[in-house]
Amino acid sequence: MNDQATVVKALLPVLDGTLDEATIQKLIEVPKTSNLGDYAFPVFTLAKTYRKAPQMIAKELVEKIDASQFEKIQAAGPYINFFLDKPQFSHDLLHEILTTADHYGDADLGKKGNVPIDMSSPNIAKPISMGHLRSTVIGNAIANILRKVGYNPIKINHLGDWGTQFGKLIVGYKKWGSEEAVKADPITNLLKYYVRFHQEDQKDPELDDEAREWFRKLEAGDDEATKLWSWFREVSLKSFMKIYDMLGITFDSFNGEAFYNDKMAEVVQLLEDKNLLKESQGAEIVDLSAYDLNPALIKKSDGATLYITRDLAAAIYRKRTYDFVQSVYVVGNEQRDHFKQLKAVLKEMGFAWSDQIHHVPFGLITQDGKKLSTRQGRVILLEKVLNDAVDLARQEIDKKNPDLPNKEAVAKDVGIGAVIFHDLKNDRLNNFDFNLEEVVRFEGETGPYVQYTNARAQSILRKAGAIELDAAADYTITDASAWEVLKALGNFPQMVVRASKEYEPSVIAKYALHLAKTFNKYYANTKVLVDDAEKPARLALVASVSQVLVQSLSLLGVNAPKEM
RNA sequence: GUCUCAGUAGCUCAGCUGGAUAGAGCAAUGGUCUUCUAAACCAUGGGUCGUGGGUCCGAAUCCCACCUGAGGCACCA
């Protein structure tokens, strides 16, 4: 393969050992514009050892380098610019992509190691909001990316199906609710009781006592409480599944908070055995001042356990069950300290694997600049957003391609693809203010733009008829206008690796946009279906672009219709 | 008060781990469909990279201080 490694190999012998291979590799960069070559080596660092001006060094080195593997090598000021052998590169790369097919870009960093991913995790009896979308789609994309580089991801939906809010919910249901209402529209009505509870307890603090009492009953296994709880859970989950189906996302486990109820006593026992528990203000804590952290609250003064106790139990359970090589938590940035505490407590408990726990934080979705809050009734319902997106996509199709077959399926792919892509294209940690027009956009740097690019590539391939894979075919492209596309195609594998190391789906989203952009430019200027010697190579290029675009979108969890 | 994240074009954001003249999209203006889907392509305008110091041959990028915004800071998750 004609790539960065070739550049390193060319440089190594002429540097007389002043720099080692790894250092050279690190220094090599990609110039901003193509007229400066495909790779560049800045020689500033050599100026001291050679006691010469960088420009001179560059000029002298160029004389000595074996240029046979390259189109040319030039000194440009303090840089040595390498121009790859384009015909060779295109031939090798297109063959590689077409023969490896969906496995192009695969890596084996993970050695099949298990990686549980804690993601989505909505609360029972509350609607799935835009906020949950982030954890869901980021987690799903990370799972896909990790699988591609050789890990075995396990998607865990850690449902919020336990806690004091159930006491509140039961009180609200008994006071203001009815079976019929819950049956008719579970989430809406359950949410109504919850919101009303928080309004009324402002003036009537006794409600809180009632709620606490009901939750105590639930924990004690009281019949009526348990029945209500499991009913709420069941109807909620059913409506969640509808949304996950729309998003095309599945899970390997729905073990949520309730699942760990019987596993927390052991955690507390372990902490006691190691003498880590301390009493403070009536509560049981683990002191973490050595880590510069607030103490971890293991047990409330009333004896009830808390969030972190449950997460400790879950972490230990996951280690035992999956023997993970990494354990990933896709949870909002506002919980940063919580995960630091979690890792610190595990470390104190003597679990060396606490280092394998990775919190993957993401930024907030706000509305009018403020945090969304279910309690205050400020929610953006994900289901509505998705439906709106599909509606808008349908309108777009009616306008642009009214005769399209499978309109409904395509509208779904495009509308929902737009929403998912929008969520993934920027750095995870960026906050963003919700704006429907912004989220469901079809033009510019969007999911539909990438989908559209693929649809056009597919259209060319349809018109060309089937192209047979011939190992002996000549895929040499001499056309300079194809060069940027080829280079972009060649970058895919390293983008996948980077995305996996940084847990950053936006790397893939940005890559897909870049590839689509270079291809659109090519497409606008070069006719593919012309009968000449390079036509098979051009078709191989188009097929490769489509394949890599589809692959990129699929890593993000976005479908790629063949026509739109 | 303290910690985290952010501050780059009118708006939304790129800028990989310090490197060559700071880039996209949207919006604005003008152009391109008898030719592989115009959800596209091309062109033009638009910048004291929050402010002030420092390190370096070289800083949007690293360090320090300050300003602004969002979020967190033990009995919610």
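We use all heavy atoms of the structure for the numbers below, so side chains are in, but hydrogens, waters and symmetry mates are not. As the structure is a prediction and not an experimental result, all values here were calculated from the model. Residue numbers start from 1 in every chain, and the chains themselves are labelled A, B, ... in the order their sequence lines are given, proteins ahead of strands.
B:rU35 atom P lies 17 Å from atom CG of A:N525, rounded to whole Å. Between the C1' atom of B:rC75 and the CD1 atom of A:I308 lies a distance of 13 Å, rounded to the nearest Å.
Using a 4.0 Å heavy-atom distance criterion, A:K527 is classed as a base contact. If you check every strand for non-hydrogen atoms under 4.0 Å, A:L529 touches a base. Within the 4.0 angstrom heavy-atom criterion, no nucleotide atom of any strand lies near A:T446. Base engagement by A:F442 is indicated by at least one non-hydrogen atom pair under 4.0 Å involving a base atom. If you check every strand for non-hydrogen atoms under 4.0 Å, A:L364 touches sugar and phosphate atoms only.
In terms of position along RNA chain B, the nucleotide closest to A:R441 lies nearer the 5' end than the nucleotide closest to the other residue of the pair A:R441 and A:S280. Nearest-nucleotide positions on RNA chain B place A:T33 closer to the 5' end than the other of A:T33 and A:V410.
Counting non-hydrogen atoms of neighbouring residues, nucleotides and ligands closer than 6.0 angstrom, the CD atom of A:E21 reaches no more than 12 such neighbours. Annotation: A:K263, atom NZ; neighbour count of heavy atoms from other residues, nucleotides and ligands within 6.0 Å is above 12.
Between A:D311 and A:R318 there is no salt bridge, since none of the side-chain N atoms of the basic residue sits less than 4.0 Å from a carboxylate O of the acidic one.
As rounded to the nearest Å, B:rA9 and B:rC62 have C1' atoms that lie 26 Å from one another. Between the C1' atoms of B:rU51 and B:rU8, the separation comes to 14 Å (whole Å). To the nearest whole angstrom, the two P atoms, one in B:rC49 and one in B:rU61, are 10 Å apart.
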Passes salt bridge (charged side-chain N to carboxylate O under 4.0 Å, His left out), A:K510 versus A:E445? Steps please. CA-CA 9 Å; A:K510 278 173 194 138; A:E445 298 175 323; over 6 Å; no
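Closest to the A:N294 side chain, of the nucleotides B:rA39, B:rC73, B:rC75, is B:rC73. Residue A:A455 has its side chain nearest to B:rU37 when only B:rA20, B:rC75, B:rU37 are considered. In the set B:rA38, B:rA20, B:rA77, the nucleotide with an atom closest to the side chain of A:E257 is B:rA77.
In terms of polar N and O atoms assigned as donor or acceptor, the side chain of A:S301 comes within less than 3.5 Å of the base of B:rC75 in a complementary pairing.
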Under 4.0 Å protein heavy-atom contact, by nucleotide of nucleotides 3-17 of chain B - B base, S sugar-phosphate only: -SS-------SS-S-
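For B:rU37, neither phosphate oxygen OP1 nor OP2 lies less than 4.0 angstrom from any side-chain nitrogen or oxygen of A:Y449. Applying the 4.0 Å criterion to OP1 and OP2 of B:rA40, one finds that A:K521 has every side-chain N and O outside that range. Proximity of A:K371 to the phosphate of B:rG72: a side-chain N or O atom is located under 4.0 Å from OP1 or OP2.
Base orientation of B:rC57: anti, since the glycosidic angle falls outside 90° of 0.
Evaluation of the side-chain contact (heavy atoms from CB on, under 4.5 Å) rule for A:A125 yields A:L169, A:L190, A:S236 as partners, not counting sequence neighbours.
With A:R538 as the fixed residue, the side chain to side chain donor-acceptor pair (under 3.5 Å) test singles out one of A:D479, A:T526, A:D532: A:D532.
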